[in-house]
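Okay, structure first, notes after.
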Amino acid sequence: MSIEILKTHVLDRLAEAGRRTFGQAAEGVEIVFPPDLQLGHFAVGCFPLSKQLRKSPAEIAKTLAAAISADEVIESAAAAGPYINFRLANRVFFGGVIDAILAAGDRYGDSPVGRNRRVMVEYLSPNTNKPLHLGHLRNAALGISVSRMLEATGHRLVKSILINDRGVHICKSMLAWERFGNGATPASEGVKGDHFVGKWYVRYAIESEKDPSLEKSIQDMLKRWEEGDPKTIELWKRMNQWVYDGFAETYRRFGMDFDVFYYESDTYKLGKDVIGEGMGKGVFARDERGNTVYHLPEKQFGLEKNGASKKVTVLRPDGTSLYITQDIGTAILKVTQHNLDSSIYVVGSEQEHHFKCLFSMLGALGYAWASNCYHLSYGMVYLPEGKMKSREGKVVDADDLIAGMVELAEEEIRRRDPEHKLSDGEIRQRAAVIGTGAVKYYLLRVRPTQSINFDPAESISFDGFTGPYCQYAYARIFGILEKAGQRGMEGGSADLALLGNIEELLLLKMLIQFPEEVASGVAEYNPSRVAVHVFNTAKAFNQFYNKHAVLQAGSSELTAARLALIRATAAVLKRGLNLLGIDVLENM
RNA sequence: GCGCCUGUAGCUCAGUUGGAUAGAGCAACGGACUUCUAAUCCGUAGGCCGGGGGUUCGAAUCCCUCCAGGCGCGCCA
């Protein structure tokens, strides 16, 4: 009997009690959990019935509760003020939930709401002139998690990345390397490619302070690039490849994967063409300075102070493209190449205006799918000393952060292995899972709209509300299950009527609520829903674990029942963490 | 000036489709490892849910208003 059937049964009995006592079915109420599970397993607030029956909720609750007799599901019904608390038979309450979870396995909590909808999630969008930083990691953690949650709801997913590989900022690292690099390469320096190129980007900033003429050289280089000068293109390709090699390593470490790579250099021309067509249709106009502009609709964007319409420039007077130019091209490519129903952009909140403009423009160009584009906006990540600024070196480097966390995890693992039973390889593998899990969890545990104040001390904690805490609960369960297997305690059907103490009830409640939290998380594009719930589940398990023994439960029947409960718990923890892009470990 | 976001315990945050005494982590203090992994658990302390007004039987949650902070507001990305 699934949890839905149990709820339906209680509601049916309630409706029937209403017919007998008030002459009409008691309907329109909702099953909730009592604040304290000692009060009962299910509860119903009688507020909605108050109006139609013209009696106080408390009076209704009292009458209905008295009219409900026990059956094979309901053990008792008791009024408590305006609420009716239902105590259910443990056999069906625990049995219904646990059986459903064990049957669904890793797919418990999945739903088919998004079946067959093709959706693209674009995340990361790095520049090829510097390595990734903490802000990128928040972006990636969100992108990975939202992708998995969409898959869990039946969407057909295409994960994409947009690489900003052209423009004046890219030329800066190229010029610095050309002038001062003396042929050095990432290999010759023993430096990861993206860090190597990033070093030249910083070098440019330093040199251009001393020598303002470099600005001119940059413009010349950009012009040569746009004209397709073979030497410049070759340099560009070579340095970009260094960066891609470096990025690939970071993608691997953090678990990012992409089905499609878009490059601004491939899409800006399409954007220009589309703008040209749009000119003909009157979507765009030329302003007094020669810019090609899009006038933003007053209804959505309002007007300038002087009453003129607001506008956004899509091409410079010389016809060169801007950020939004290539975005138009990329948006169209995405939909046409992949036949998308919707397109999600995981990009920071500072670009909300940009995407509003872009989507408005696409609509004006006649693309009906523009209304299915969604900007998944997330708050900034601040450092203790303020905003991150890569040009000033005020960043938390992504590779450094991950490596630091993995190292801390490794220290902790070694501390717990004084007899050196673990191989170095095993330790490294565990440390990677724990370290990256901690980073991801730290970035996903708050809702996306919240800005994050990066607190180094808090971020490196493995205690409390963290990824490792959740992973640890899973490992503890695995340890018990493993021992149970060794001792031949596995198998056979358990009598779940033996369960029912408060810790078991609280744990079961978490398992019941998991699908609702996943559903809310997907609807809101908010992985923190899942992150918080996984933590609460782990906490409920730890509370149970500290109070009750599984293997030494006192009887083999009780052991079997508790094994079923924790097996279901493990499935939820694993699936929950998996939806966050975090792996579990069987031993920690 | 306008738009979006944020304001809940000392700190960082859940809870925001209105419902039973507002939750957690960290920090502080006091406890629990001869027993399934102490990356754990238990206890103590800590709150005019930014201020004010309104709607409602009922508001952290909805509406109005004010205050504070962040981000953004064409020719950067």
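Chain identifiers are assigned alphabetically (A, B, ...) following the order of the sequence lines, protein sequences preceding nucleic acid strands; residue numbering begins at 1 within each chain.
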Q.
For B:rG43, give the paired nucleotide (Watson-Crick: N1-N3 plus N6-O4 or O6-N4; G-U: N1-O2 and O6-N3; both under 3.5 Å), or none.
A. B:rC29
Q.
Without decimals, in angstroms, what is the distance between A:Arg529 CZ and B:rA14 P?
A. 11 Å
Q. Counting side-chain heavy atoms from CB outward, which of B:rU37, B:rA77, B:rU21 is closest to A:Ala475?
A. B:rU37
Q. Once you round it to whole Å, what is the distance between P of B:rA14 and OH of A:Tyr441?
A. 12 Å
Q) Does NZ or CZ of A:Arg138 come closer than 6.0 Å to the centre of the six-membered ring of A:Tyr378, within 45° of the ring's axis? A) no
**Q.** Any N/O donor-acceptor pair, A:Arg289 side-chain to B:rC75 base, under 3.5 Å
**A.** yes
Q. Between A:Glu352 (CD) and B:rG70 (P), how many Å, whole number?
A. 17 Å
Q: Using Watson-Crick or G-U wobble geometry with both distances below 3.5 Å, tell me the partner of B:rC13, or none.
A: B:rG23
Between the protein and nucleotides 42-45 of chain B, which nitrogen or oxygen pairs come in under 3.5 angstrom?
from	atom 1	to	atom 2	distance (Å)
B:rC42	OP1	A:Gln543	NE2	2.6

Q | A:Thr449 side chain, from C-beta outward: closest of B:rG3, B:rA20, B:rU6 | A | B:rU6
Q) Less than 3.5 Å between a donor and an acceptor, one on the side chain of A:Arg416 and one on the base of B:rA39, is that the case here? A) yes
Q: Mind listing the closest non-hydrogen atom pair of A:Glu503 and A:Asn501 along with its distance?
A: N-OD1, 3.1 Å
Q) Are the ring centres of A:His375 and A:Phe359 closer than 6.0 Å? A) no
Q | Among B:rC41, B:rG74, B:rA77, the nucleotide that comes nearest once only the side chain of A:His169 is considered | A | B:rA77
(Q) Can you confirm whether A:Lys272 is buried at NZ, in the sense that more than 12 heavy atoms of other residues, nucleotides or ligands lie under 6.0 Å from that atom? (A) yes
Q.
Between A:Ala538 and A:Phe535, which residue's closest nucleotide on RNA chain B lies nearer the 5′ terminus?
A. A:Phe535
**Q.** Charged N-O contact under 4.0 Å between A:Glu426 and A:Arg430
**A.** yes
Q: Please identify each residue that fulfils salt bridge (Lys or Arg N to Asp or Glu O under 4.0 Å) with A:Lys299, with sequence neighbours left out.
A: none
At a cut-off of 3.5 Å, list every protein nitrogen or oxygen paired with a nitrogen or oxygen from nucleotides 26-30 of chain B, distance to 0.1 Å.
none

(Q) Only pairs with both distances under 3.5 Å count, Watson-Crick or wobble alike; so what is the partner of B:rU55 in this structure? (A) none
Q.
With a sphere of 6.0 Å drawn around CD of A:Glu407, does it hold more than 12 non-hydrogen atoms of other residues, nucleotides or ligands?
A. no
**Q.** Salt bridge A:Glu59-A:Lys62, side-chain N to carboxylate O under 4.0 Å
**A.** no
Q. What nucleotide, of B:rG7, B:rA77, B:rC71, holds the atom closest to the side chain of A:Tyr323?
A. B:rA77
Q.
Does the plane of the ring in A:Phe465 sit parallel, tilted or perpendicular to the ring in A:Tyr441? Use 30° and 60° as the thresholds.
A. perpendicular
Protein N or O to nucleotides 67-69 of chain B N or O, pairs below 3.5 Å:
none

Q: Using the ring of A:Phe541 (Phe, Tyr or Trp, six-membered ring only), decide whether A:Arg476 places NZ or CZ under 6.0 Å from its centre and within 45 degrees of its axis.
A: no
(Q) Does A:Gln486 have more than 12 heavy atoms from other residues, nucleotides or ligands lying within 6.0 Å of its CD? (A) yes
Pairs under 3.5 angstrom, nitrogen or oxygen only, protein versus nucleotides 34-36 of chain B, please.
from	atom 1	to	atom 2	distance (Å)
B:rC36	O3'	A:Lys483	NZ	3.4
B:rC36	O2	A:Val550	N	3.3
B:rC36	O2	A:Leu551	N	3.1
B:rC36	N3	A:Val550	N	2.9
B:rC36	N4	A:Tyr545	O	2.7
B:rC36	N4	A:His548	O	2.3

Q. Rounded to whole angstroms, how far apart are CZ on A:Phe86 and P on B:rA20?
A. 18 Å
Q: Let me know the distance between NE2 of A:His353 and P of B:rC5, rounded to the nearest Å.
A: 15 Å
Q.
What is the distance, to the nearest angstrom, from the CD atom on A:Glu288 to the C1' atom on B:rG74?
A. 11 Å
Q. Angle class for the A:Phe454/A:Tyr442 ring planes (parallel below 30°, perpendicular above 60°, tilted otherwise)?
A. perpendicular
Q: Enumerate the residues from residues 290-305 of chain A whose closest heavy atom to RNA chain B is under 4.0 Å, giving them by residue number; use none for an empty result.
A: A:Asn291, A:Val293
(Q) Let's see if you can work this out: which of B:rG15, B:rA39, B:rC75 has an atom nearest to the side-chain heavy atoms of A:Arg447? (A) B:rG15
Q. What is the distance, rounded to the nearest whole Å, between atom CE of A:Met588 and atom P of B:rU37?
A. 14 Å
Q. Over how many whole Å does the gap from A:Leu162 atom CG to B:rA77 atom C1' extend?
A. 11 Å
Q. Parallel under 30°, tilted from 30 to 60°, perpendicular over 60°: which one fits the rings of A:Phe355 and A:Tyr345?
A. tilted
Q. With both distances under 3.5 Å as the test, what is the Watson-Crick or G-U wobble partner of B:rU34?
A. none
(Q) Taking pairing as Watson-Crick or G-U wobble with both contacts under 3.5 Å, can you name the mate of B:rG72, or confirm there isn't one? (A) B:rC2
(Q) Side chain of A:Lys311 only, heavy atoms from C-beta on: which candidate in B:rG74, B:rG25, B:rC76 is closest? (A) B:rG74
